[in-house]
Amino acid sequence: MDKAYNHKDYEEKIYKQWETSGAFKEVAGKKPYTVLMPPPNANASLHAGHAMYTVDDILVRYKRMLGMSALWIPGMDHAGFETQYVYEKHLAKEGKSRMDFDRKTLYTNIFKFVQDNSGQIYKQFKRLGFCADWDRSVFTLDPQVTKQVYETFTKMHTEGFVYRDSYIVNYCTHCGTSLAELEVKHVERVDPLYYIKYGPFILATVRPETKFGDTAIAVHPADKRYKDWIGKEVEVEGLNGKFKLKVIADNAVDPDFGTGVVKVTPGHDPNDFEMGKRHNLEIKQIIDFNGKLTPIAGPYAGMKVKAAREKVAHDLQQIGLMEKIDTNYTHSIITCYKCGRDLEPLTVPNWFIKVSDLKKKVIQVVEDEQVKFHPKRFKKHMLSWLEIMHDWPISRQIVWGIRIPVWYNIDQNPNLVVIFLDKNKKIVTGETKDLLEKHSLSEIKAGLQKLIAPKESVYEISSDSPGEKYLPETDTFDTWFSSGQWPLVTLKDKEFETRFPTDFIGTLSDILKFWISRMIMFSLYLKNEVPYKDVYLWATVADKEGKKMSKSKGNVINPLELVDKYGADALRFSLIYGTPAGSKVILSDEKVKGMRNFSNKVWNMGRFLKMLIEEQGETLIPEFSASLETSETDKKMVSRLAEIIQIVTQTLENFKLSLAAETLYDFIWHEIADVYIEEVKQRQDKKTGLAVLKHIYLQSLKLLHPFMPFVTEAVWSELGQKDQLIASHWPTK
RNA sequence: GGCCGCUUAGCUCAGCUGGUAGAGCAUUCGGUUUACAUCCGACAGGUCAUAGGUUCGAGUCCUAUAGCGGCCACCA
């Protein structure tokens with residue numbers, strides 16, 4: 001044995017041994033324990049956050065040693081928007097964009113791209129020692145997933161949970177897609193606040209260019225200044241002729257902002273959109289998907305939004321309708337988190353899931369703790385989110401994903417808006433009834449990029465085309481719609497009898513509401529059972545300054561560099577030691593180094609023990625047993641071990657992994673090494689002491705194994721143990 | 001504005017169902033360098049944010065206040 005534990009000599013070798021011996025497989029006839037791995041993006045590579053999967057690995061190893069049929073099922077997510085964006089950046093380098101391809105080609109290309117880049121992350125997971133059953137890996141675009149998603153959609157449609165409606169989305173006219181709440185970035189900015197004359201009123205707005213889309217004027221119901229106007233129609237002088245607007249009263253209006261009067265533009269503001277729903281207001285689309293004003297804006301049609309804003313403001317000033325401009329107004333705007341440009345709220349027809357009935361059950365199981373959260377406070381988070389959870393728009397205007405299985409008959413729907421590449425590869429946009437005069441249907445089908453079907457379109461649900469005269473829906477499902485069914489697509493049919501609900505799932509708090517809530521919802525809807533019993537909130541990995549690691553901050557640490565330097569065990573222990581669930585962990589070189597020292601200590605204890613035994617003559621050391629004549633110190637250590645076993649088992653059962661790790665660290669280092677070994681070392685006759693010491697040390701290796709699998713396995717075999725430590729039994733006393 | 005969390009040794013943080021405080025790192029001193037990329041021992045360092053309350057007893061429960069952080073909403 002070398003003087004120091006050199007992780008590079010062991011990790012790869014040991015991992016192979018585990019894998020080829022089938023140690024990661026389930027075992028027939030034993031009580032099942034099931035953990036689902038949250039699927040990382042298929043084209044991603046490992047970042048510090050993924051290293052927190054260590055928590056899952058520890059539990060799986062522990063339960064396996066307890067004698068359960070532990071199964072950790074891995075997978076990968078196609079990660080719709082995220083992946084398509086990465087691919088498009090890649091395209092941009094070649095001077096191309098997605099507009100150069102028809103839908104089908106683009107999809108195929110992204111598929112190839114993902115395939116080339118995937119697999120990397122599993123290799124990296126293996127370097128961290130993760131003991132998942134890799135043969136069971138599921139990709140969210142695998143046929144069985146698509147099949148399940150289609151079935152769910154069809155069932156929900158039949159039972160009235162699916163509807164179409166226009167929906168206001170935060171649309172990036174540059175990236176050509178709508179963004180989810182998660183993808184939106186809020187930015188503080190100073191913009192001019194225009195006070196413009198509006199009929200009898202003066203109102204403040206930062207967006208004068210949207211006035212062509214106004215369909216009401218609103219005031220607060222309790223505002224005395226405007227009380228008499230409520231319900232009346234007023235005539236407003238515009239830049240495009242006069243028009244009449246109704247004055248409505250709505251609580252959403254802040255009487256203290258500006259003059260207390262606001263213009264309502266349901267087509268281009270989320271707040272106004274909601275107000276429009278409450279008051280049944282007309283939606284006028286005055287900005288198109290290219291970020292240009294539509295013909296409704298009259299002389300301003302075709303102008304880009306920003307230019308139009310300046311021109312409108314200027315023109316209003318010219319004709320004396322501009323009261324004043326506050327140039328010092330700070331407000332928060334939403335921007336695209338990818339390209340940084342301002343987002344445009346636009347309405348598009350969207351597919352929705354009605355959640356009010358579905359979420360009731362979810363609230364109940366969370367309240368009853370059929371699903372438990374660790375730490376507990378996230379139960380409250382979840383409940384408060386569920387309360388405000390609104391209907392779920394499930395369609396995304398991107399290619400990379402599972403297509404919504406809907407088809408439109410062209411004879412029945414003459415007004416489908418179609419964007420396609422004609423046979424000369426030129427983009428053509430228009431409505432089917434016009435397009436079909438110049439183009440054949442097959443030409444449209446071949447070059448199809450996007451289809452926008454008006455809300456009242458007639459459609460059929462089917463995975464394949466129902467006939468010749470059909471065009472497909474081009475929207476894909478929200479990624480959460482498929483990953484929300486993760487528990488249902490990872491298990492095999494018969495496993496629902498034995499492994500469902502699964503036992504445990506680990507996650508980060510930021511996707512608790514997007515992912516965890518939806519999995520529970522789908523699971524209750526389709527199986528009438530919760531998907532798992534315990535939800536563990538991983539700590540977020542932060543840098544030395546305590547800031548969350550993110551690419552944009554440039555403070556990411558590649559965990560593999562730390563593995564190279566200090567070993568997988570050291571990194572794993574750093575993430576667990578001193579890190580309760582739901583907290584944050586500061587990953588610094590010093591900490592990992594400190595933990596490397598611990599793994600080295602464990603190694604040297606084993607090495608020293610072996611030396612002492614060989615010195616005494618191996619055959620002369622008695623077997624450890626309860627009847628062995630031992631000294632007081634030996635006895636004390638044996639009972640101390642029993643206590644430690646109890647504490648570690650208990651803390652693991654309660655998901656207090658950090659306490660378990662700290663207990664082991666202290667016991668092994670400061671009780672066994674510092675005190676007990678030192679004492680045995682001094683003895684004249686070491687034989688009995690060594691028997692006890694060996695026993696205690698080996699039992700401790702078992703306890704430590706889930707946390708530091710490599711060094712424990714290495715030293716275990718160096719001490720002549722024949723069977724693998726990973727397959728040994730968890731000590732009970 | 002709403003909700004949640006945090007505030008404990010110089011730093012990073014543990015402290016479960018209440019019984020008058022712990023670890024790691026750093027610092028200082030000593031030892032070892034024939035288990036240990038070192039390691040061991042020791043000293044020092046905290047009125048547990050503040051103010052009330054419940055209790056025989058509170059870092060631990062309750063209320064209020066302050067500072068910090070997070071999430072959500074609003075921002076026309």
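Numbered from 1 within each chain, the chains take letters A, B, ... in sequence-line order.
- At a cut-off of 3.5 angstrom, the base of B:C36 holds no donor-acceptor pair with the side chain of A:K3.
- Applying the ring-ring contact (aromatic ring centres under 6.0 Å, His included) criterion to A:F667, with sequence neighbours excluded, gives no partner residue.
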Which nucleotides of RNA chain B pair, in dot-bracket form (Watson-Crick or G-U under 3.5 Å, | meaning another strand): (((((((..((((........))))..((((.......))))......(((((.......))))))))))))....
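- Rounded to whole Å, the P atom of B:C71 lies 26 Å from the corresponding atom of B:C11.
- In the displayed structure, A:H670 atom NE2 is contacted under 6.0 Å by more than 12 heavy atoms of other residues, nucleotides or ligands.
- The distance from atom CZ of A:F667 to atom P of B:A14 is 25 Å, rounded to the nearest whole Å.
- In this model, the phosphate group of B:C75 is approached by a side-chain N or O of A:N271 to a distance below 4.0 Å at OP1 or OP2.
- Separating the P atom of B:C25 from that of B:A21 is a span of 23 Å, rounded to the nearest Å.
- Within the 4.0 angstrom heavy-atom criterion, only backbone atoms of the sugar-phosphate kind lie near A:Y329; the bases stay farther away.
- Remark: the backbone N or O of A:S356 is not paired with any side-chain donor or acceptor of A:H390 at under 3.5 angstrom.
- Between B:C48 and B:U34, the distance separating the two C1' atoms is 46 Å to the nearest Å.
- Without hydrogens or angle criteria, A:D269 side chain to A:D272 main chain gives a donor-acceptor distance under 3.5 Å.
- As rounded to whole Å, 16 Å separates atom C1' of B:C3 from atom CE of A:M382.
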Chi angles and distances behind the salt bridge (charged side-chain N to carboxylate O under 4.0 Å, His left out) call for A:R683, A:E679: CA-CA 7 Å; A:R683 292 187 197 173; A:E679 202 261 355; 2.8 Å; yes
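- When the P atom of B:A23 is taken as reference, atom CZ of A:F598 falls 17 Å away, rounded to whole Å.
- Note on A:K656: nothing from the nucleic acid sits closer than 4.0 angstrom, heavy atoms only.
- Because its NZ or CZ atom is not both nearer than 6.0 Å to the ring centre of A:F373 and within 45° of the ring axis, A:K379 does not count as a cation-pi partner of that residue.
- Minimum atom distance to the side chain of A:I677 is reached by B:A35, of the listed B:A35, B:A76, B:C40.
- B:U65 and B:C4 have their P atoms separated by 14 Å, with the value rounded to a whole Å.
- Here, B:A66 and B:A23 have their P atoms 36 Å apart, quoted to the whole Å.
- Considering only side-chain atoms of A:R607, the nucleotide from B:A35, B:C40, B:A14 that sits closest is B:A35.
- Following rounding to the nearest Å, A:N600 (CG) and B:A35 (P) show an atom-to-atom distance of 14 Å.
- As judged by a 4.0 angstrom heavy-atom cut-off over every strand, A:E662 is placed among residues touching the sugar-phosphate backbone only.
- When the P atom of B:A76 is taken as reference, atom CG of A:L203 falls 12 Å away, rounded to whole Å.
- Nearest nucleotide to the side chain of A:K593, out of B:A35, B:C74, B:U38: B:U38.
- Taking every side-chain heavy atom of A:R596 into account, B:U38 is the closest of B:C36, B:U38, B:A76.
- If you check every strand for non-hydrogen atoms under 4.0 Å, A:K601 touches a base.
- The side chain of A:W669 places an N or O atom within less than 4.0 Å of a non-bridging phosphate oxygen (OP1 or OP2) of B:C40.
- One finds a side-chain N or O of A:H670 lying less than 4.0 angstrom from the OP1 or OP2 phosphate oxygen of B:G24.
- Under a 3.5 Å cut-off, the side chain of A:N600 and the backbone N or O of A:A4 do not form any donor-acceptor pair.
- The stretch residues 561-575 of chain A has no heavy atom under 4.0 angstrom from RNA chain B at all.
- Nucleotides B:U55 and B:G18 place their C1' atoms 9 Å apart, quoted to the nearest Å.
- Heavy-atom distances to RNA chain B give each of A:M605 and A:L193 a nearest nucleotide, and the one nearer the 5′ end belongs to A:M605.
- Across the P atoms, B:C43 and B:G24 are found 13 Å apart, a figure rounded to whole Å.
- Comparing B:C75, B:A76, B:A14 by their nearest atom to the side chain of A:V206 picks out B:A76.
- Side-chain atoms of A:I677 and A:M605, non-hydrogen and from C-beta on, do get closer than 4.5 Å to each other.
- A donor-acceptor contact shorter than 3.5 Å is absent between the side chain of A:N328 and the backbone of A:V190.
- Comparing A:Y665 and A:E678 against RNA chain B, the residue whose closest nucleotide sits nearer the 5' end is A:Y665.
- Distance A:N604 CG to B:U34 P: 13 Å, rounded to the nearest Å.
- The nearest whole Å value for the distance from the NZ atom in A:K379 to the P atom in B:C3 is 19 Å.
- Atom CG of A:D674 and atom P of B:G31 are 19 Å apart (whole Å).
- The listed nucleotides are B:A35, B:C74, B:A23; the one nearest the side chain of A:Y577 is B:A23.
- Backbone-only contact: A:L659 has heavy atoms under 4.0 Å from sugar-phosphate atoms and none from a base.
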A:F707/A:Y577 under ring pair (Phe, Tyr, Trp, His ring centres under 6.0 Å): CA gap, chis, key distance, verdict: CA-CA 10 Å; A:F707 301 86; A:Y577 189 94; over 10 Å; no
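- As rounded to the nearest Å, B:A58 and B:G52 have P atoms that lie 14 Å from one another.
- A 4.5 Å side-chain heavy-atom check between A:K694 and A:L609 finds at least one atom pair inside the cut-off.
- Side-chain nitrogen and oxygen atoms of A:N654 include none within less than 4.0 Å of the OP1 or OP2 phosphate oxygen of B:C16.
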Residue pair A:Y62, A:E653: steps toward the side chain to side chain donor-acceptor pair (under 3.5 Å) verdict: CA-CA 10 Å; A:Y62 160 64; A:E653 287 295 332; 2.7 Å; yes
Evaluation steps, side chain to side chain donor-acceptor pair (under 3.5 Å), between A:D569 and A:H7: CA-CA 9 Å; A:D569 292 327; A:H7 62 269; over 6 Å; no
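- In the set B:A76, B:A35, B:G24, B:A35 carries the atom at the smallest distance from any side-chain atom of A:F608.
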